Protein chains: 2
Amino acid sequence: MPTIHQNSTSGDSTRERILMEAGPIFAGKGFRATTVREICEQANVNVASINYYFGDKRQLYHQTVVLAREMRVEQVPEPKWSSTTDPEEKLLDFITLILRRLVAMQTEPWQVRLLMREILEPTETCKHLVEEYFRPFFNTLCGIIDDLVGYRLPEHTRNKIGFSIIGQCLYYRFSAEMTRLMIEQQDYVDQYDLDNLAQHVYLFSLGGLKHYQSVDESTLKSTSTTDQ
Amino acid sequence: MPTIHQNSTSGDSTRERILMEAGPIFAGKGFRATTVREICEQANVNVASINYYFGDKRQLYHQTVVLAREMRVEQVPEPKWSSTTDPEEKLLDFITLILRRLVAMQTEPWQVRLLMREILEPTETCKHLVEEYFRPFFNTLCGIIDDLVGYRLPEHTRNKIGFSIIGQCLYYRFSAEMTRLMIEQQDYVDQYDLDNLAQHVYLFSLGGLKHYQSVDESTLKSTSTTDQ
DNA sequence: TGCTTTTCCAAACAACTGTATTAAACACTT
DNA sequence: AAGTGTTTAATACAGTTGTTTGGAAAAGCA
């Protein structure tokens, strides 16, 4: 097993070059389909460099995913709220934040595609992502939901509402290419920009939230026959 | 190029065996990571059989995806509605149908995972799926939405509402493994069965729909500054 | 039965895979 | 300038990849 060499001096070093070139390639084709030779060729380094700097292909992949998440968070930072910001505004801001992180309208960010892969087919790296990023992120959303409802909802209800909001946003990233096959090209350009989508998800979710709240809790428990 | 031999007599033929064994493997690891040798070993046939019956690996993959869709639709057929069925009931039925097709609670169906891959990274096969399946399916949902609202919504509004409903359902398939990392194991068993999820998505969406409807159309157009 | 077509198989093919080895080039300190 | 540890590069290695081949076995049919 080769010893891993951490080149702490950042910049245009070989290590950095590999890391930056590996990202888009892993994102585009997945771990398995990506070859170390392709990365090295793209980064203009020798094939042996990956093993020299990262030990093996897997560890390079792990580093790439972690970096991708950090980059994306840095590219699209969380909004700052004052103590007086009302929860409705927070919700819209948060939905906009999710969509902004997920779908960059102009150039599809490879960072997101890489993270999508981890969500769909988690490797060991995914546990790291959940603890470091997804969980605290999700908790912020749950806090907003509680504020909107006015009291603390049961855990599972609150979570499901959170998932409903995130699910809507994720749809436009996960199924983007298929959606484009479904609707008119011009419609996609005109009606599916970031603000349009955010506005829609906001209105739809706010309605869902209020309606959910107004429904008697007993109704939720009435139908409970499980099949399939 | 080898000539493709269509073995029309179905049953336990070599061709059928390859097709059935290839499905779960493609679903589990994707096209590229799957090796023809693994499929053949699993199906107890010679390595040359795939090229003999399907031409090459790609065409086998295509056939597998098409078959997977047909199987899943057959496994979970659409509900029958009478002319007097009210749209609320139709919506709940339809949401249940989507969830039932997506998430089989006991054994995760490989057919769905295979179709997920096509949605996420469309190949040529995806066009076939959209035209043959997704579009008519989506149109049924849009019809229900129109019935609920009482009149025909603008195309893009109606579509977005449809995507919001489908997005929520898709979430529980796409992000299932990550969601399990997020919440308590016991909660997942108790609160995330099919009926619970269907009930939640139904209530949330109905609320979203009604609220959306009540909002003045002009408000939708007010915020239109696009950044990012 | 003899002949033809279909199906199957063992082996080989050439290209590609991740990784290891080795030595040369480099940047530093002394 | 010599000696130090670090970085790069060419090449080899052992294994896997999808596909092809030529002939054997089986099936269909007269």
Side-chain angles (χ1 to χ4, degrees), chain A residues 1-65 117 123-125, chain B residues 1-65 114 117 121 123-125:
Chain A
M1 203 180 85
T3 38
I4 299 160
H5 298 74
Q6 300 273 1
N7 185 348
S8 59
T9 61
S10 72
D12 198 39
S13 67
T14 304
R15 200 189 123 92
E16 309 287 316
R17 213 133 29 88
I18 294 171
L19 219 38
M20 293 311 287
E21 293 299 331
I25 300 175
F26 276 133
K29 329 208 299 185
F31 175 77
R32 184 66 186 270
T34 300
T35 70
V36 293
R37 277 180 171 77
E38 189 181 358
I39 294 170
C40 292
E41 201 170 319
Q42 202 73 235
N44 264 310
V45 300
N46 191 269
V47 271
S49 304
I50 284 177
N51 298 81
Y52 178 75
Y53 280 107
F54 299 93
D56 57 21
K57 190 185 168 188
R58 266 240 103 81
Q59 289 178 78
L60 165 62
Y61 173 78
H62 176 83
Q63 293 296 331
T64 308
V65 174
R117 287 191 184 280
T123 68
E124 275 299 305
T125 307
Chain B
M1 204 180 85
T3 39
I4 299 161
H5 298 74
Q6 301 274 359
N7 186 348
S8 58
T9 61
S10 71
D12 198 40
S13 67
T14 305
R15 202 190 121 91
E16 309 289 315
R17 209 132 31 88
I18 293 171
L19 218 40
M20 292 312 287
E21 294 299 331
I25 301 175
F26 277 133
K29 328 209 297 185
F31 175 78
R32 185 67 187 267
T34 300
T35 70
V36 293
R37 278 182 170 78
E38 188 181 358
I39 295 170
C40 291
E41 202 171 319
Q42 202 74 21
N44 263 310
V45 300
N46 191 269
V47 270
S49 304
I50 283 177
N51 298 82
Y52 179 74
Y53 280 107
F54 299 93
D56 58 21
K57 189 185 170 188
R58 267 239 102 82
Q59 290 177 78
L60 165 61
Y61 173 78
H62 177 83
Q63 292 296 332
T64 308
V65 174
L114 198 54
R117 288 190 185 279
E121 281 180 277
T123 67
E124 275 298 305
T125 308

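Numbered from 1 within each chain, the chains take letters A, B, ... in sequence-line order. On a predicted model such as this, the values are computed, not experimentally measured, just so you know.
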Among [options], which is the nearest nucleotide to the side chain of [X]?
| X | options | result |
| --- | --- | --- |
| A/Val47 | C/dG18, D/dT11, C/dT7 | D/dT11 |
| B/Thr14 | C/dC8, C/dG18, D/dT17 | C/dC8 |
| A/Val36 | D/dT19, C/dG18, D/dT8 | C/dG18 |
| B/Lys57 | D/dT20, D/dA9, D/dG18 | D/dG18 |
| B/Arg37 | C/dT19, D/dT7, D/dT17 | D/dT17 |
| B/Thr35 | D/dT17, D/dT19, D/dT20 | D/dT17 |

Round to a whole Å and report the spacing from [atom1] of [X] to [atom2] of [N].
| X | N | atom1 | atom2 | value |
| --- | --- | --- | --- | --- |
| B/Tyr61 | D/dG18 | OH | P | 15 Å |
| B/Asn51 | C/dA10 | CG | C1' | 15 Å |
| A/Glu38 | C/dG18 | CD | C1' | 14 Å |
| B/Glu16 | C/dC8 | CD | P | 12 Å |
| A/Asp56 | C/dT17 | CG | P | 17 Å |
| B/Ile25 | D/dG18 | CD1 | C1' | 16 Å |
| A/Arg15 | D/dT6 | CZ | P | 15 Å |
| B/Arg58 | D/dT17 | CZ | C1' | 15 Å |

Worksheet item: In Watson-Crick or G-U wobble terms, both distances under 3.5 Å, what is the partner of D/dA30?
Response: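 Result: none.
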Worksheet entry | Base-pairing assignment for C/dT1 (Watson-Crick or G-U wobble, both under 3.5 Å) |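 The base-pairing partner of C/dT1, which may sit in any strand shown, does not exist here.
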Worksheet item: With the threshold set at 4.0 Å, does a side-chain nitrogen-carboxylate oxygen contact exist between B/Glu38 and B/Lys29?
Response: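 Salt bridge: yes.
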Discussion item. Please tell me if A/Tyr52 has a side-chain N or O lying less than 4.0 Å from either OP1 or OP2 of D/dT8.
Written reply: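 For A/Tyr52, the contact criterion (side-chain N or O under 4.0 Å from OP1 or OP2 of D/dT8) is not met.
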Fill in: D/dT7 phosphate, OP1 or OP2, under 4.0 Å from A/Ser49 side-chain N/O
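No, outside the criterion.
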Discussion item. Is the ring pair A/Phe31/A/Tyr61 parallel, tilted or perpendicular, if the boundaries are 30 and 60 degrees?
Written reply: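 Ring orientation, 0 to 90° scale: perpendicular.
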Worksheet item: Does the side chain of B/Asn46 come within less than 4.5 Å of B/Tyr52's, by heavy atoms?
Response: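 No, their side chains stay 4.5 Å or more apart.
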Discussion item. Contact between B/Phe26 and B/Val65 at the side-chain level, heavy atoms closer than 4.5 Å - yes or no?
Written reply: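 They are not in side-chain contact.
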Worksheet item: Is a donor-acceptor pair below 3.5 Å formed from side chain B/Asn46 to base C/dA10, judging by atom type as modelled?
Response: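 Side chain to base: pair found, below 3.5 Å.
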Worksheet item: Counting distance only, does the side-chain N/O of B/Arg37 pair as donor-acceptor with the main-chain N or O of B/Val47 below 3.5 Å?
Response: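 Checking the backbone N and O of B/Val47 against the side chain of B/Arg37, no donor-acceptor pair under 3.5 Å is found.
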Fill in: Contact nearer the 5' end of DNA chain D, comparing B/Arg32 with A/Asn44
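The residue closer to the strand's 5' end, by nearest nucleotide, is A/Asn44.
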